[in-house]
Amino acid sequence: GGLTLKMSPQAIYTACYIIHRVYEEQSFLEPEFDILSVVMASCLLAGKMEESERRIRDIINTFDFLYTSFMRQKRYRPFRYTENAYYDWRDRVTRTEMVILRLLGFKVDYQNPTAFLLSYLNALQLLPDKPTSQRALNHVFDSTRTAACLKYPPNVIACSCIHLACSSEGTFYKLPDNWNIVFDVSEEDLINCADLIKELYTSELEKDLPINWTEQELFADTYKRFMREQEEMDREKQGTASPALSYSSFSSSSSDPGP
């Protein structure tokens, strides 16, 4: 979505960071945190932060186009200003933006690893090597699909991406010994962060998640029904169900003075 909107790389990374922060605190099954609304609100917020702001109408139309393409629905038609559906989405996105700011305590600033990456590549004299530097930059943006931005500071992510770029097939550049120590990155953090990013290339994409709030409500109802059925099956396997603990039974037992 950010690429389609032609947002800056810094804005795209910041939007991904905000999304990770939101879902670290809240479940996507919560009514105000469906995936599509959070993604659009994060792009709107990140654009304002990184001086790459886009009109809310462009954001809504872009993600609606991507959603209809992903779901292979009928031919896409952009929203018009006079449509009620557009105003519903506009109100929902702006409301979600304020909910995100309150949830994160208005602390949404983040140091982008790309700034560290360019400095480190220049220090290691890797900038002239365009294939290696481009590969390292690709790894940085791939890391937004993992929780690396929540677990490691940006300098660790940048060094891990350089390590991955220089250790991939077809790369013959040998990094100096203890090069990561110069950038205040331990060997353990370097390897662990690199392994986290590499797991992305072998994992499968989950395609059954609810995207918009309509799918979210249906998914939540189905999930609750499934959990109730599982509980009933567990009670049937146990034979006799244990009595539920109520507040009245708890209070009566706790008021018993005992021997």
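Here the structure is a predicted model, which means the values were calculated and not measured.
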Participant: According to the salt bridge (Lys or Arg N to Asp or Glu O under 4.0 Å) rule, which pairs have a member within residues 36-46, sequence neighbours left out?
Facilitator: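 Listed by first then second residue: nothing to list.
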Participant: To check you understand the geometry: which heavy-atom pair defines the closest contact between I12 and G2, and what is its length?
Facilitator: CD1-C, 3.7 Å
Participant: Any non-hydrogen side-chain atom of T4 less than 4.5 Å from a side-chain atom of F65?
Facilitator: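 T4 vs F65: side chains apart.
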Participant: Check salt bridge (Lys or Arg N to Asp or Glu O under 4.0 Å) between D195 and all other residues, then give those that pass, not counting sequence neighbours.
Facilitator: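 Partners of D195 under the salt bridge (Lys or Arg N to Asp or Glu O under 4.0 Å) test: K198.
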Participant: Say you draw a straight line from CG of D88 to CD1 of I60; how long is it, rounded to the nearest 0.5 Å?
Facilitator: 10.0 Å
Participant: Under the side-chain contact (heavy atoms from CB on, under 4.5 Å) criterion, do C166 and L126 qualify, and how do the steps go?
Facilitator: CA-CA 10 Å; C166 293; L126 278 173; 3.9 Å; yes
Participant: Who pairs with N192 by side-chain hydrogen bond (donor to acceptor under 3.5 Å, both in side chains), at least two apart in sequence or on another chain?
Facilitator: none
Participant: Would you call Y13 and C149 a side-chain contact if the rule is heavy atoms closer than 4.5 Å?
Facilitator: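 Yes; the side chains approach each other to less than 4.5 Å.
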Participant: For D91, give me all partners under salt bridge (Lys or Arg N to Asp or Glu O under 4.0 Å), at least two apart in sequence or on another chain.
Facilitator: none
Participant: For N122, which residues count as a side-chain contact (heavy atoms from CB on, under 4.5 Å) partner, sequence neighbours excluded?
Facilitator: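 Listed in chain order: L127.
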Participant: Within the structure provided, determine whether S42 and V38 are in side-chain contact (heavy-atom separation under 4.5 Å).
Facilitator: yes
Participant: Got a donor-acceptor contact below 3.5 angstrom from the H163 side chain to the I191 backbone?
Facilitator: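 Not at all, since once roles are kept as given, no pair shorter than 3.5 Å links the two residues.
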Participant: Can you tell if the side chain of W89 reaches within under 4.5 Å of the side chain of M40, non-hydrogen atoms only?
Facilitator: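 Side chain of W89 against side chain of M40, heavy atoms only: contact under 4.5 Å found.
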Participant: I'd like to know whether I18 forms a side-chain contact (heavy atoms from CB on, under 4.5 Å) with R21, so could you lay out the CA-CA distance, the side-chain angles of the two residues, the decisive distance to 0.1 Å, and finally the verdict.
Facilitator: CA-CA 5 Å; I18 294 172; R21 286 278 310 277; 5.5 Å; no
Participant: Residues two or more places apart in sequence or in another chain: which of them pass salt bridge (Lys or Arg N to Asp or Glu O under 4.0 Å) with E83?
Facilitator: R77
Participant: Could you measure the distance from the CG atom of L45 to the CD1 atom of I19? Nearest 0.5 Å is fine.
Facilitator: 10.5 Å
Participant: How many angstroms lie between atom CZ of R135 and atom SG of C161, to the nearest 0.5 angstrom?
Facilitator: 12.5 Å
Participant: Could you work out, with side-chain hydrogen bond (donor to acceptor under 3.5 Å, both in side chains) as the rule, every residue matching Q10, not counting sequence neighbours?
Facilitator: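 Residues passing side-chain hydrogen bond (donor to acceptor under 3.5 Å, both in side chains) with Q10: none at all.
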Participant: Any side-chain heavy atom of I162 within less than 4.5 Å of one from L124?
Facilitator: yes
Participant: In the structure I gave you, are the side-chain heavy atoms of R92 and D34 within less than 4.5 Å of one another anywhere?
Facilitator: yes
Participant: Is the number of heavy atoms from other residues, nucleotides or ligands under 6.0 Å of E188 CD greater than 12?
Facilitator: no
Participant: Side-chain polar contacts of residues 150-158 - donor-acceptor pairs under 3.5 angstrom, sequence neighbours left out - could you list them?
Facilitator:
unit_1, atom_1, unit_2, atom_2, d
N155, ND2, F183, O, 3.3

Participant: Going from CG on L190 to CG on N180, what distance comes out if it is rounded to the nearest 0.5 angstrom?
Facilitator: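 Spacing of CG (L190) from CG (N180) equals 5.0 Å.
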Participant: Nearest 0.5 angstrom please: I35 CD1 to F63 CZ, how far?
Facilitator: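 Between I35 CD1 and F63 CZ, I get 12.5 Å after rounding to 0.5 Å.
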Participant: Of the non-hydrogen atoms in C193 and A148, which two are nearest, and what is the gap between them?
Facilitator: SG-CB, 4.4 Å
Participant: Quick one: name the residues clustered hydrophobically with Y201, using the 4.5 Å side-chain heavy-atom rule over I, L, V, M, F, W, Y, and just say none if it's on its own.
Facilitator: L164, I197, L200
Participant: Which residues pass the side-chain hydrogen bond (donor to acceptor under 3.5 Å, both in side chains) test with Q134, sequence neighbours left out?
Facilitator: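 Counting only residues at least two positions away or on another chain, Q134 forms a side-chain hydrogen bond (donor to acceptor under 3.5 Å, both in side chains) with N138.
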Participant: Kindly indicate, with the supporting measurements, whether the criterion side-chain contact (heavy atoms from CB on, under 4.5 Å) is fulfilled by W179 and Y120.
Facilitator: CA-CA 10 Å; W179 65 276; Y120 295 169; 5.8 Å; no
Participant: Please check this pair: side chain of Y23 against backbone of F33, looking for a donor-acceptor N/O pair closer than 3.5 Å.
Facilitator: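 Indeed, once roles are kept as given, a pair shorter than 3.5 Å links the two residues.
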Participant: Where is the tightest heavy-atom contact between I100 and A41, given as atom of each residue plus distance?
Facilitator: CD1-CB, 3.9 Å
Participant: I'd like a table of donor-acceptor pairs (distance under 3.5 Å, sequence neighbours excluded) in which one partner is a side-chain atom from residues 49-57, with atom names and distances.
Facilitator:
unit_1, atom_1, unit_2, atom_2, d
E50, OE2, T14, OG1, 3.0
S52, OG, S8, N, 3.1
R54, NE, L5, O, 2.8
R54, NH1, S52, O, 3.3
R54, NH2, K6, O, 2.4
R55, NE, D58, OD2, 3.0
R55, NH2, D58, OD1, 3.0
R55, NH2, D58, OD2, 3.4
R57, NH2, F79, O, 3.1

Participant: Test your reading of the model: is there a side-chain donor-acceptor pair from T202 to the backbone of E199, 3.5 Å cut-off?
Facilitator: yes
Participant: If you group Ile, Leu, Val, Met, Phe, Trp and Tyr whenever their side-chain heavy atoms sit less than 4.5 Å apart, what else falls in with I181?
Facilitator: none
Participant: May I ask you to test the L175-S167 pair for a side-chain heavy-atom distance under 4.5 Å?
Facilitator: no
